[in-house]
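These notes concern the structure reproduced below.
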Amino acid sequence: MSKNLVEELRWRGMVHDIMPGTEEQLLKESTTGYIGFDPTSDSLHIGSLVPIILLVHMERAGHRPIALVGGATGMIGDPSGKSDERNLLNEEQLAHNVAGIRNTMTRFLNFDASAENAPILVNNYDWMKNFSFIDFAREVGKRISVNYMMAKDSVKKRLTGEAGSGMSFTEFTYQLIQGYDFYHLYKTHNCMLQMGGSDQWGNITTGTELVRRMNEGVEAKAYAMTCPLITKADGSKFGKSEGGNVWLDADKTSVYKFYQFWLNTTDEDAEKYIKIFTFLDKETIDALIVAHAEAPHMRLLQKKLAEEVTIFVHSKESLDKATVASNILFGKSTAADLKGLDEQTFLDVFDGVPQAEIAKDSIANGLDMIGALAAKTNFLNSNGDARRALKENAVSVNKEKVKDDYLITEKDLIADKYIVLQRGKKNYFLLKVQE
RNA sequence: GGGGAGAUACCAAAGCGGCCAACUGGGGCGGACUGUAACUCCGCUGUCUUUCGACUUCGUAGGUUCGAAUCCUGCUCUCCCCA
């Protein structure tokens, strides 16, 4: 192998736990490895980005990555890291989610490529759906003891202590089913490695164990590697912004917000994230870190991180639009800049900003600010709130600060129908004038 | 089953007959500063009203009083101690 995958992942801080012999195996020959994705939603959010990137690293290092969508395991529910029993998804919802994830996944891995190590996409529902309970119990269940399964953290936590709320038989079987996936892929694709987040270590080792025991008489090899769960320096949960999850699909999280999410990374986290979430090489990153330390206010790390990840997940064109939007919203833009935009660009910039419609009549004689902010639009909670904001000198119309006696008229219209209101720097509202 | 403590705004927590729309802290929002940051400083944080002021709020339903978050009674809920 020309490239040492483990070494590459190690300097990036992406190796949490690794089974002995894994590195040797990866150096010896092109190896097939897989990661499972949970179809709990119809789209992937940035929490799934790390496993996706792991698969891409595999491919780049000359190994064959398999992305497994958990159509079957999703029907059971992974107890790892959950303190309560989960609700089951119905089949229809699950099929919808599997399709959505498959769709997102193809943006990062080319499953139609013809190369020797081209990525493969599988769904464990395909081989689990016709597996009868009795067959499963005899072929798989017999190989693993309950004692072994009970020793897993994900199970122990639920059985003991105050945090535990018990566990159904359904969730207890989860690790066996995921373990069987590994065996199935070993058998059909000679897959010898499973990767995942560190919370998956227990499930993965059940898999490696199962691969060994299912192959009586033959020396079967299966390896495991996990990456650390992504954390933030301030202890809050990674991957959430005020609006909730940050998704990989532009219609769920606009490219602008996606870009902003990365741009707002703290210095400390940026150093860590740029290694994990970009494919820049060590020299480039080290140089960036040095440059950033010299001039932290330039935020070279955050900018590069945001650019790279946005291009990887979306595209160069999307990134350009996001930076244009960012400059308008945060740069020293003026009413003239706003009015210079064509309608489409304007709408892209203000994508996701709260909107309200008002009749054209109401601005004919000038619309007072309280009406624009609260009485007619509900941007702010109450008239008093609007009055307060005005008193605090916090309100802008089309990027220009206004006083409480300002009247909105037709001359404020952008593209003949929009007015941009702001409270403070970050709270934007879009007023749309209806004919 | 017995005994005790409590329920106040987004959260925590004062107030214990009029000076209470309710001390204070946190959070949130805004302003100054700044790197679209951190830190720091300042302001705001029930509704309506330009101000004055009016109205609705202190678990819930009643009552006492000129006047109640504050006193009394019923109810609901929470916590603690003993069985």
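The figures here come from the full heavy-atom set of this structure, side chains too, leaving out hydrogens, waters and symmetry mates. Note that the coordinates shown come from a computational prediction; the quantities given were computed from them, not determined experimentally. First the proteins, then the strands, lettered A, B, ... as listed; each starts at 1.
There is a side-chain donor-acceptor pair under 3.5 Å between A:Ser43 and A:Asp249. With no hydrogens or angles considered, a side-chain donor-acceptor pair links A:Gln302 and A:Asp267 at under 3.5 Å. No donor-acceptor contact under 3.5 angstrom links the side chains of A:Gln178 and A:Asn124, judged on distance only. When only modelled atom types and interatomic distance are considered, A:Gln260 and A:Ser326 share a side-chain donor-acceptor pair under 3.5 Å. Side-chain atoms of A:Thr206 and A:Asn203 form no donor-acceptor pair, as typed in the model, at a separation below 3.5 Å. For the residue pair A:Lys339/A:Tyr418, the side-chain donor-acceptor check at 3.5 Å is not satisfied.
Atom C1' of nucleotide B:G35 and atom CG of A:Leu305 are separated by 16 Å, given to the nearest angstrom. Rounded to whole Å, atom P of B:A38 lies 11 Å from atom NZ of A:Lys232. Distance, A:Asn427 CG to B:U45 C1': 15 Å, rounded to whole Å. Across the protein-nucleic acid pair, A:Leu421 atom CG and B:C29 atom C1' stand 17 Å apart, rounded to whole Å. Following rounding to the nearest Å, A:Gln422 (CD) and B:G30 (C1') show an atom-to-atom distance of 13 Å. Counting to the nearest Å, the P atom of B:U36 and the OH atom of A:Tyr259 are 11 Å from each other. Regarding A:Leu380, its CG atom lies at a distance of 16 Å from the C1' atom of B:G46, rounded to whole Å. Rounding to whole angstrom units, CG of residue A:Asn381 and P of B:C10 are separated by 12 Å.
Pairing of B:C41, defined by two Watson-Crick or G-U wobble distances under 3.5 Å, is identified with B:G31. Under the Watson-Crick and G-U wobble criteria, each requiring two contacts below 3.5 Å, nucleotide B:C71 is paired to B:G63. Shown here, B:C58 forms no base pair; nothing in the strands shown gives a Watson-Crick or G-U wobble contact with both key distances under 3.5 Å. Remark: B:G1 base-pairs with B:C82; criterion is Watson-Crick or G-U wobble with both hydrogen-bond distances under 3.5 Å.
In this structure, A:Tyr273 and A:Lys232 have side chains that are in contact, with non-hydrogen atoms separated by less than 4.5 Å. Taking the side chain as every heavy atom from C-beta outward, A:Val155 and A:Met149 never approach each other to under 4.5 Å.
Between A:Arg423 and A:His297, the residue anchored closer to the 5' end of RNA chain B is A:Arg423, taking for each the nucleotide with the nearest heavy atom.
Residues from residues 262-276 of chain A with heavy atoms under 4.0 angstrom of RNA chain B, sorted by number: A:Leu263, A:Asn264, A:Asp267. For the contact set between residues 313-330 of chain A and RNA chain B, defined by any heavy atom under 4.0 Å, the members are A:Ser326, A:Phe330.
Under the ring pair (Phe, Tyr, Trp, His ring centres under 6.0 Å) test applied with A:Phe277, the options A:Phe312, A:Phe258, A:Phe238, A:Phe261 reduce to a single match, A:Phe238.
For B:C16 and B:C20, the C1' atoms lie 12 Å apart once the distance is rounded to whole Å. Nucleotides B:C33 and B:G27 place their C1' atoms 22 Å apart, quoted to the nearest Å. Between the C1' atoms of B:G17 and B:A68, the separation comes to 6 Å (whole Å). Nucleotides B:A13 and B:G25 have their C1' atoms positioned 8 Å apart, rounded to a whole Å. Between B:A21 and B:C55, the two P atoms lie 11 Å apart (nearest whole Å). For the C1' atoms, the distance linking B:U50 with B:G59 amounts to 37 Å, nearest Å. A distance of about 26 Å separates the P atoms of B:U65 and B:A7, rounded to the whole Å. Annotation: B:G18 and B:G67 have their P atoms spaced 15 Å apart (nearest Å).
Ionic pairing of A:Glu8 and A:Arg12 is present here: one or more N-O contacts between side-chain nitrogen and carboxylate oxygen are shorter than 4.0 angstrom.
Between A:Ile285 and A:Thr278, the closest heavy-atom pair is CD1-OG1, 4.1 Å.
Heavy atoms of A:Arg388 sit under 4.0 angstrom from primed sugar atoms or phosphate atoms, though from no base atom. When heavy atoms are screened at a 4.0 angstrom cut-off, A:Ala394 is found touching the sugar-phosphate backbone but no base atom.
Using cut-offs of 30° and 60° for the angle between ring planes, the A:Phe346 and A:Phe350 rings count as tilted.
OP1 or OP2 of B:A37 has not a single side-chain nitrogen or oxygen of A:Lys303 nearer than 4.0 Å. Taking only side-chain nitrogens and oxygens, A:Ser382 never comes nearer than 4.0 Å to OP1 or OP2 of B:G46.
Each of B:G35, B:G30, B:A32 was ranked by its minimum atom distance to the side chain of A:Lys425; first place goes to B:A32.
Judged by distance alone with a 3.5 Å cut-off, no donor-acceptor contact links the side chain of A:Glu392 to the base of B:G31.
If you take NZ on A:Lys316 and CD on A:Glu307, they are separated by 7.5 Å, rounding to the nearest 0.5 Å.
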Q) Tell me, for nucleotides 49-56 of chain B in 5' to 3' order, what letter each nucleotide earns: B for a base near a protein heavy atom under 4.0 Å, S for only sugar-phosphate near one, - for neither? A) BS------
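For A:Arg60 and A:Phe279, the positive end sits near the middle of the six-membered ring, less than 6.0 Å away and at most 45° from its axis.
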